[in-house]
Amino acid sequence: MNLSARREVPEEKDPVVLPPAHTAPNTSPGAENAMVPLDSEVKEECLREDLKFYFMNPCEKYRARHQIPWKLGLQILKIVMVTAQLVRFGLSNQLVVGFKEDNTVAFKHLFLKGYSGIDEDDYSCSVYTQEDTYESIFFAINQYHRLKDITLGTLGYGENEDNRIGLKVCKQHYKKEATFPSNETLNIDSDIEIDCVHLDLEAFSRNPQDWKNSSFFRLEFYRLLKVEISFQLKGIDLQTIHYRELPDCYVFQNTITFDNKAHSGKIKIYFDSDANIEECKDLNILGSTQKNTEYVLVFDAFVIVICLASLILCTRSIVLALRLRKRFLNFFLEKYKRRVCDADRWEFINGWYVLVIISDLMTIIGSILKMEIKAKNLTNYDLCSILLGTSTLFVWVGVIRYLGYFQTYNVLILTMQASLPKVLRFCACAGMIYLGYTFCGWIVLGPYHDKFQNLNTVAECLFSLVNGDDMFATFAQIQQKSVLVWLFSRLYLYSFISLFIYMILSLFIALITDSYDTIKKFQQNGFPETDLQEFLKECSSKEEYQNESSSLLSCVCCLRRKGSSDHLMLIN
């Protein structure tokens, strides 16, 4: 059968068989009975040829029918455009993140008295006397009042949740408490009271120092829980203009917390800055910045068109593959009176097409968000980054599909497919042991080791140990305040490292190595044939491909593989 004369997508109806031109049609009764097996054979051969063509790679399809691989060309173009879009957006996002971090560091130096530039653990700094506490509170308030005279940035005052400009100072304390440590007695009402005061700019102007003498700032430290100072500032990121982009307007919600919940003689000072990007109300920028933004929006729109075309083509291919599978299942059931195995059913579902569809959807949504961000209608950089970053990851992973057309590069894909079920079952069993060590380390070593203070850090520390990272530091940082805990930590760490590195990790690698050896043997001796592959081998006539070198594609891209391995790799 001549492949170049058939359609790419076969119809459901049977082909019409015409009698030869030099033979008169036979109208005898016996001819009708002879047509039945003839139609059946032609239908079977047609199905076999459709299946062979479906499982060809783009180069083989081009040699068979001179069908230009539009999807392949479109995917190559999409890789270039999506990567360029991501790089451009990544550079812009770096400016946003850098501006936020720089402002947070500047705010700590502006509003925290005695800030050294390095945070103490998870808090910024600490105070140990009542005098230092008062000085730190008053210092932050005075710095806010003098902001326009001392800041180096483009900062201004912002409105709080009450639509008022100024500082909001709140203090939390127990309702009633009387402690006598010398007598080891305690009288406490655990109900918490919250008192707040608002200091606006007019209050600073009228009474520069009177607010310090108010009764609100007479703190009773024996029942004080915390003091919280919150205020808003506004800023404009002007560095984007140098990169031909429109500037962003920011609103910083800053909070300074003096934490005295422990009543340990040490008040921890936390500084938190939450930056939100808002649309600038009036932008009047001269130069080429506005025109450059329009070019970026046009490029993003073209990326959306390319991804939409790729989405349509891949969805169409999956739909046609499902139709072809239905034809094969029905034919197999009619001829052999049994159902096709699940492995053959899944051969028709091309996982790479599913990956491309997911990538295209994420790219389209991310590009729309990026266009809105560029137009300053949206400010959700994080969601846009996740969508574009993940879609680009899937796009580059999809390149492996085309390398898989060659037997040498196909080993990675086949090894991953063969080892994945065994690896997942193995990880499920090893995960139970891992969780046991995680909970044990957290509850026992948490009070004595920084890396075991919470479940998240414990899991990260153990994972680092499995990979041989930071072993000596983990052993050395354990506090030797308790001999029993110190001995337990040694037994805990030695047993975990020995079990996971020498046994579990070695078995994990052995599973993958065993799958790799199996694939290598199959490539040398032949893969086990399924019903689908046996059906494809039953070819009644030998196919002839046209070897005309008519284009650059056939010279550069369409490299023939060895015939002995063609039937072993059913990758579309």
Asks: Quick one: does Thr257's side chain have a donor or acceptor within less than 3.5 Å of a partner on Asp259's backbone?
Replies: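 No, because the side chain of Thr257 does not come within donor-acceptor range (under 3.5 Å) of the backbone of Asp259.
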
Asks: For Phe508, does the CZ atom have more than 12 heavy-atom neighbours from other residues, nucleotides or ligands under 6.0 Å away?
Replies: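 At most 12 heavy atoms, drawn from other residues, nucleotides or ligands, come within 6.0 Å of this atom.
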
Asks: Check this for me: Ile118, atom CD1, are more than 12 non-hydrogen atoms of other residues, nucleotides or ligands nearer than 6.0 Å?
Replies: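 At most 12 heavy atoms, drawn from other residues, nucleotides or ligands, come within 6.0 Å of this atom.
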
Asks: Is Asp469 reaching over with its side chain to a backbone N or O of Leu465, donor-acceptor style, under 3.5 angstrom?
Replies: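 The answer is no, because no donor-acceptor pair under 3.5 Å joins these two groups.
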
Asks: Do other residues, nucleotides or ligands put more than 12 heavy atoms under 6.0 Å from the OH atom of Tyr123?
Replies: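 Counting other residues, nucleotides and ligands, OH of Tyr123 exceeds 12 neighbours.
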
Asks: Taking the side chain from Trp442 and the backbone from Val458, do they hold a donor-acceptor pair closer than 3.5 Å?
Replies: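 It does not hold such a pair.
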
Asks: Evaluate Thr474 against Lys451 for side chain to side chain contact (heavy atoms under 4.5 Å, CB included), listing each step before the verdict.
Replies: CA-CA 8 Å; Thr474 304; Lys451 296 181 180 180; 3.3 Å; yes

Asks: Any donor and acceptor pair, going by atom type alone, linking the side chain of Thr151 with main-chain N or O of Leu147 inside 3.5 Å?
Replies: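 Answer holds: no.
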
Asks: Relative to Phe139, does Lys113 satisfy both conditions: NZ or CZ under 6.0 angstrom from the six-membered ring centre, and within 45 degrees of the ring's axis?
Replies: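 Pair Lys113/Phe139 counts as cation-pi.
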
Asks: Ser317 side chain to Leu313 main-chain N or O, any donor-acceptor pair under 3.5 Å?
Replies: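 The answer is yes, because a donor-acceptor pair under 3.5 Å joins these two groups.
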
Asks: Check whether any side-chain N or O of Ser515 sits under 3.5 Å from a backbone N or O of Leu511 as a donor-acceptor pair, and report yes or no.
Replies: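 Side chain of Ser515 to backbone of Leu511: a pair is present.
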
Asks: Is Ser359 reaching over with its side chain to a backbone N or O of Ser391, donor-acceptor style, under 3.5 angstrom?
Replies: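 Flag set: sc Ser359 to bb Ser391 pair under 3.5 Å.
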
Asks: Any side-chain to backbone donor/acceptor pair from Gln172 onto Lys226? Under 3.5 Å, distance only.
Replies: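 Checking the backbone N and O of Lys226 against the side chain of Gln172, no donor-acceptor pair under 3.5 Å is found.
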
Asks: Nearest 0.5 Å please: distance from the CZ atom of Phe271 over to the OH atom of Tyr115.
Replies: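 Here the interatomic distance stands at 10.0 Å.
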
Asks: More than 12 foreign heavy atoms under 6.0 Å from CG of Leu424: is that the case here?
Replies: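 Yes, enclosed.
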
Asks: Once you round to the nearest 0.5 Å, how far does CG of Leu455 lie from OG1 of Thr457?
Replies: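 These two atoms lie 8.0 Å from each other.
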
Asks: So, for Asp360 and Ser310, which heavy atoms are closest and what is the spacing to 0.1 Å?
Replies: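 Smallest interatomic distance, heavy atoms only, reads OD2-OG, 2.9 Å.
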
Asks: Can a salt bridge be assigned to the pair Asp300 and Lys370 using a cut-off of 4.0 Å between side-chain N and carboxylate O?
Replies: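 Salt bridge between Asp300 and Lys370, a charged N being under 4.0 Å from a carboxylate O: yes.
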
Asks: Is the backbone of Arg316 close enough, under 3.5 Å, to the side chain of Tyr353 for a donor and an acceptor to pair up by distance?
Replies: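 Looks like no, no N/O pair under 3.5 Å.
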
Asks: More than 12 non-hydrogen atoms from neighbouring residues, nucleotides or ligands closer than 6.0 Å to NZ on Lys261, yes or no?
Replies: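 Open.
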
Asks: How far apart are the C-alpha atoms of Phe252 and Phe231, what are their side-chain angles, what is the distance that settles it, and do they pass the ring-ring contact (aromatic ring centres under 6.0 Å, His included) test?
Replies: CA-CA 8 Å; Phe252 300 95; Phe231 54 93; over 10 Å; no

Asks: Which value, rounded to the nearest 0.5 Å, describes the distance between Ile141 atom CD1 and Ile256 atom CD1?
Replies: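 Those atoms lie 9.0 Å apart.
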
Asks: Could you go through Thr255 and Asp272, starting from their C-alpha distance and side-chain angles, then the distance that decides it, and tell me whether this counts as side chain to side chain donor-acceptor pair (under 3.5 Å)?
Replies: CA-CA 5 Å; Thr255 304; Asp272 180 64; 5.0 Å; no

Asks: Could you measure the distance from the NZ atom of Lys78 to the CD1 atom of Ile76? Nearest 0.5 Å is fine.
Replies: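 Interatomic distance, Lys78 NZ to Ile76 CD1, rounded to 0.5 Å: 12.0 Å.
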
Asks: Could you measure the distance from the SG atom of Cys384 to the CE atom of Met362? Nearest 0.5 Å is fine.
Replies: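 Those atoms lie 11.0 Å apart.
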
Asks: Under 3.5 Å, is there a donor-acceptor pair between the side chain of Asn93 and the main chain of Phe89?
Replies: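 Looks like no, no N/O pair under 3.5 Å.
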
Asks: Please step through ring-ring contact (aromatic ring centres under 6.0 Å, His included) for the pair Phe111 and Tyr144, ending with a clear verdict.
Replies: CA-CA 7 Å; Phe111 299 105; Tyr144 176 82; 7.0 Å; no

Asks: Quiz question: by atom type and distance under 3.5 Å, do the side chains of Ser273 and Gln253 form a donor-acceptor pair?
Replies: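 Checked: Ser273/Gln253 side chains show no N/O donor-acceptor pair below 3.5 Å.
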
Asks: Could you walk me through whether Asp470 and Ser464 pass the side chain to side chain donor-acceptor pair (under 3.5 Å) test, one step at a time?
Replies: CA-CA 7 Å; Asp470 210 20; Ser464 299; over 6 Å; no

Asks: Could you check Ser126 against Glu120 for side chain to side chain donor-acceptor pair (under 3.5 Å), going step by step and ending with a plain yes or no?
Replies: CA-CA 8 Å; Ser126 57; Glu120 302 178 16; 3.1 Å; yes

